2 protein chains.
Amino acid sequence: MSLRHGLLGLLAEGPASGYDLARRFQEGLNSIWPAQHPQIYSELSRLAKAGLIEVDSHGPRRRTAYRITDAGLAEVRRWLAEEPVDHSFRMESLLRSFFFWLMEPGDLKRRLTEEAAYYAQFAASLREYADSKDRGEWGTGERTRAQRIGVEAAVRVNEALAAWARWALETDLMADEEFGRPRGAAPAEGARSPERGGDTAARGPAGG
Amino acid sequence: MSLRHGLLGLLAEGPASGYDLARRFQEGLNSIWPAQHPQIYSELSRLAKAGLIEVDSHGPRRRTAYRITDAGLAEVRRWLAEEPVDHSFRMESLLRSFFFWLMEPGDLKRRLTEEAAYYAQFAASLREYADSKDRGEWGTGERTRAQRIGVEAAVRVNEALAAWARWALETDLMADEEFGRPRGAAPAEGARSPERGGDTAARGPAGG
DNA sequence: CGATGACATGTCACAACGTACATGTCGTTG
DNA sequence: CAACGACATGTACGTTGTGACATGTCATCG
């Protein structure tokens with residue numbers, strides 16, 4: 001249901017076509033809530049059928065811009081104010097990190113180095129964008145300033161991940177000679193043992 | 001495809017049943033890669049059919065433990081080493097933040113306060129778990145120490161979000177009297193205007 | 001005027017995911 | 001032994017999301 005509300009939220013800024021919205025999801029929002037155009041177009045049809053948006057105008061090349069209705073605006077607001085937040089992420093990058101022990105040290109170092117570079121670079125580009133907002137280059141309206149808060153969240157998450165990857169490279173966990181010892185493709189210790197699975201180590205505290 | 005590899009990764013630690021795996025996804029991994037038990041059971045069947053895992057043992061109450069095969073182990077390793085990382089997140093919390101400008105100041109403050117508390121608390125509980133790993137309470141094996149890296153990532157992301165929510169509450173963006181001015185449920189400025197959508201403000205830098 | 005490329009929208013089939021429901025086992029406790 | 005709750009696995013169905021393909025428009029450039 002998040003895509004539905006994401007689209008309504010973007011349309012609350014003003015009329016836009018499916019193509020516009022797809023571009024915004026592709027560019028700024030891709031790292032936060034990925035969405036491809038087929039899903040966007042079909043969701044728009046559904047929203048229109050439900051009366052939450054309506055056709056605003058037709059442009060060249062079959063362009064169809066939608067505009068949010070009062071009902072739609074009320075629905076985003078209701079979602080924002082009343083609907084409980086889903087705190088679960090979905091981050092492949094973090095999932096992978098739980099299996100780093102299966103990687104050969106060389107591959108792991110290479111991977112972590114790439115990750116650090118990626119996150120640092122992305123954070124920097126977001127930070128630059130945030131700074132340009134701070135300089136007032138996007139106007140000083142209420143909306144712009146509030147969106148600045150959202151950008152800040154993305155910046156901080158990416159910076160945190162960049163710092164994490166660097167930390168992982170530098171920490172003595174990596175430097176330790178036992179950990180650093182190269183090994184072949186032999187099965188990891190503990191795997192395929194007949195008795196019930198190893199320790200319960202990876203069971204962390206209950207998740208939200 | 002990530003669930004598939006997530007299951008293989010967990011089974012690389014040693015044999016486990018669908019129930020065990022579902023619990024681990026529910027507890028530690030829920031905030032990183034959510035998965036319900038029906039999905040896990042059906043994925044296990046598929047993995048078994050593909051020869052990446054095999055039945056290890058049968059226990060009481062129809063319990064069926066699986067064990068990873070050589071092919072399965074090779075497949076996780078291939079995934080970890082060769083498959084490109086998908087850097088897109090999926091965070092409802094961040095998506096919402098792009099629409100904060102639609103919220104009434106009171107609701108927004110309440111929401112941000114809740115968010116700060118949630119992330120701080122979750123980060124703390126993860127931090128405590130990480131510390132117990134550092135104290136060696138889960139053993140000092142290669143696996144445990146490497147998994148410590150994954151926990152650290154989760155800690156840092158949650159701490160970053162907690163700090164962000166506090167920052168958002170404290171920043172003068174919030175204190176500004178114009179922003180703080182209460183308003184009714186009237187449509188936001190810019191919405192439903194006849195001409196094509198407002199400024200292009202929210203278009204950030206290209207996402208990864 | 002033909003080729004090219006960005007614009008713009010869509011269909012279709014399938015894979016992934018979530019909720020609700022169904023079933024049965026086993027240990028504990030009253 | 002009856003009731004209960006945790007253990008354990010599954011089916012069925014609907015929704016969400018993805019990848020591949022298909023179609024047509026318009027501006028620009030040679």
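Letters A, B, ... mirror the listed sequences (proteins, then strands); counts begin at 1. The structure presented is a predicted model; accordingly, all values stated were derived computationally and were not measured.
- Aromatic ring pairs are classed by plane angle as parallel below 30°, tilted from 30° to 60° and perpendicular above 60°; the pair Y129(A) and W138(A) is perpendicular.
- Side-chain N/O atoms of E13(A) and Q147(A) include a donor and acceptor closer than 3.5 Å.
- As a whole-Å value, the separation of R63(B) CZ from dG10(D) P is 13 Å.
- When the shell of 6.0 Å around CD of E83(B) is examined, it contains more than 12 heavy atoms from other residues, nucleotides or ligands.
- In this entry the distance linking CZ of R4(B) with C1' of dT18(D) reads 17 Å, nearest Å.
- Residue Y66(B) is the one, among G59(A) and Y66(B), whose nearest nucleotide of DNA chain D lies closer to the 5' end (criterion: closest heavy atom).
- Put simply, CG on D20(B) is 17 Å from P on dA6(D), counting in whole angstrom units.
- Distance Y19(A) OH to dT25(D) P: 17 Å, rounded to the nearest Å.
- Taking atom CD of E92(B) as the reference point, atom C1' of dT16(D) lies 14 Å away to the nearest angstrom.
- Among the protein residues, T64(B) comes within range of the sugar-phosphate backbone only, with heavy atoms under 4.0 Å from sugar or phosphate atoms but none that close to a base.
- Listed by chain and residue number, nothing satisfies the ring pair (Phe, Tyr, Trp, His ring centres under 6.0 Å) test with W33(B) (two or more places apart in sequence, or in another chain).
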Q. Could you run down nucleotides 15-22 of chain C 5' to 3' and tag each one B, S or - for protein heavy-atom contact under 4.0 Å?
A. -SSSBB--
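- Separating the CZ atom of R62(B) from the C1' atom of dG24(C) is a distance of 6 Å, rounded to the nearest angstrom.
- The distance between atom CZ of R61(A) and atom P of dA8(C), rounded to the nearest whole Å, is 6 Å.
- Scanning both residues, V55(B) and R67(B), for their nearest heavy atoms gives O-NH2, 3.2 Å.
- Contact detail for A146(B) and W101(A): the closest heavy-atom pair is CB-CB, 3.5 Å.
- Close placement of the Y119(A) and H87(B) rings is indicated, their centers lying within 6.0 Å of each other.
- The aromatic rings of Y118(B) and F122(B) lie parallel to each other, their planes meeting at an angle below 30°, with 60° marking the opposite boundary.
- Between its opening and closing five pairs, the helix from dC1(C)-dG30(D) to dG30(C)-dC1(D) changes axis direction by 10°, a value rounded to 10 degrees.
- The interatomic distance linking D86(A) (CG) with dT16(D) (C1') rounds to 14 Å, in whole Å.
- In terms of phosphate contacts, S17(A) brings a side-chain nitrogen or oxygen within less than 4.0 Å of OP1 or OP2 of dT9(C).
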